[in-house]
Amino acid sequence: MFSSKMFLPHEKLKDWIKVFWFLEGKGQGKNFYNRNILPDGCATICFVLEGYMDLTIYKNGTIKKGIYVIPPVVNSHIDTISDNIYLIDVQLNPCLFYKLFNIPVNHLENKIYTIDELSLDFDETFLEKIYTCKNNKNVVYTMLNSFFINLFDKLNFKSDEIVFFVNELYKDGNLEKFYKEQNLSIRQLERKVKQYSGLTPKNLSRLGRFYSVLDYIKYRQFDLEFSEIAFEYKFSDQSHFIREFKSFTNITPKKFIKDTNSSLQFKGICNLTKVIN
């Protein structure tokens, strides 16, 4: 019914882009399905090539063909998706939105923005260029990498200390290490991180750990001990792990593992790769 794949960006983009997520429906646009979408804590640039999606957590959640910027969230949500959806979600690393648009992420409204609402010299004809090649993901993947490499080169992007450390926090979830590595007070750090990412360091840490757990589940979903996960990922106990997992998925780990195909993003994580095969 839906094909969900995630691909790592080119090495030159690793500081700025987390993944390219391709979501493609196999229908004719006559049917609509509700699916649970996991939070990723990332602002995203979303290219919708075909179909319809209603992201119910936002006050203007309907998206169809176009280019959109979607603010980060930390709660899962049930979205309505047409069976002919074809979108590419460019998941930005936590600090990139601020560097791109020079707008504090915590100032964004709970709404989806069209790309022309934000002040950026963004080539909107790119949507039509990838649309013409949409059936060849190799070509689209190459075009996405080239487009963003050229954009960031034009903007003269350079990674700086706060970007590096926030990205590391998002990857490993180690909040204690993050605070120790900074020369700022906790309050200053919280204010700066929220400005850059829209989230608190604690929420970035929680999301980082959650996705590490999903990665662990991906490889060991038939050989799992929740007490082992709780210990390895430094939850206070198994109950704490289950509560935290449920807060991001709306279901218990046990139910999630029984039906991983119901999570479009988890299906994508399972297909995560550096290149299109």
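All values below come from the heavy atoms of this structure, side chains included, with hydrogens, waters and symmetry mates left out.
The side chain to side chain donor-acceptor pair (under 3.5 Å) test applied to T44 returns D89, not counting sequence neighbours. Shown here are the ring-ring contact (aromatic ring centres under 6.0 Å, His included) partners of F147, two or more places apart in sequence or in another chain: F122, F126. Listed by chain and residue number, nothing satisfies the salt bridge (Lys or Arg N to Asp or Glu O under 4.0 Å) test with K234 (two or more places apart in sequence, or in another chain). With sequence neighbours left out, the side chain to side chain donor-acceptor pair (under 3.5 Å) criterion links E50 to Y131. With sequence neighbours left out, T80 forms a side chain to side chain donor-acceptor pair (under 3.5 Å) with N34. Under the salt bridge (Lys or Arg N to Asp or Glu O under 4.0 Å) criterion, K177 pairs with D172, not counting sequence neighbours. Under the salt bridge (Lys or Arg N to Asp or Glu O under 4.0 Å) criterion, R206 pairs with E244, sequence neighbours left out. For the salt bridge (Lys or Arg N to Asp or Glu O under 4.0 Å) test, residues two or more places apart in sequence or in another chain that qualify with K99 are D160. Every side-chain contact (heavy atoms from CB on, under 4.5 Å) that T249 has, sequence neighbours left out, goes to L38, F210, F245, I251, F256. Qualifying side chain to side chain donor-acceptor pair (under 3.5 Å) partners for D237, counting only residues two or more places apart in sequence or in other chains: none. With sequence neighbours excluded, the residues forming a side-chain contact (heavy atoms from CB on, under 4.5 Å) with T125 are D123, K129, listed by chain and number.
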Test log, rule salt bridge (Lys or Arg N to Asp or Glu O under 4.0 Å), inputs E109 and K59: CA-CA 9 Å; E109 298 179 50; K59 64 183 182 182; 2.9 Å; yes

Salt bridge (Lys or Arg N to Asp or Glu O under 4.0 Å) between R187 and E190, worked out: CA-CA 5 Å; R187 180 167 291 185; E190 287 177 344; 6.0 Å; no

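Across F2 and G25, no two heavy atoms sit closer than the pair CD2-CA, 3.7 Å. The two residues N36 and Q265 come nearest to each other via the heavy atoms O-OE1, 4.4 Å. Across all non-hydrogen atoms, the minimal contact from L92 to L96 is CD2-CD2, 3.5 Å. When every heavy atom of P72 is checked against every heavy atom of A43, the shortest pair comes out as CB-N, 3.8 Å. Taking every heavy atom of both residues into account, G173 and S205 meet most closely at O-OG, 2.6 Å.
Both L87 and I115 are members of a single hydrophobic cluster when ILVMFWY side chains are connected at heavy-atom separations under 4.5 Å.
Between M53 and V48 the shortest side-chain heavy-atom distance does not fall below 4.5 Å.
Residue pairs satisfying the salt bridge (Lys or Arg N to Asp or Glu O under 4.0 Å) criterion with at least one member in residues 143-157, sequence neighbours excluded, are listed as follows: D121-K154.
For the atom pair F97 CZ and L118 CG, the distance stands at 5.0 Å (nearest 0.5 Å). In this structure, the separation between CD1 on I70 and CD1 on I57 is 11.5 Å, given to the nearest 0.5 Å.
Using a distance-only test at 3.5 Å, with no hydrogens or angles considered, no donor-acceptor pair links the side chain of N93 to the main chain of C95.
In this structure, R209 is positioned above the aromatic face of F235, its NZ or CZ under 6.0 Å from the six-membered ring centre and within 45° of the axis. A cation-pi geometry, defined here as NZ or CZ lying under 6.0 Å from the six-membered ring centre and within 45° of its normal, does not hold between K18 and Y170.
When ring centroids are compared, F7 and F22 come within the 6.0 Å threshold. The ring of W16 has its center no closer than 6.0 angstrom to the ring center of F148.
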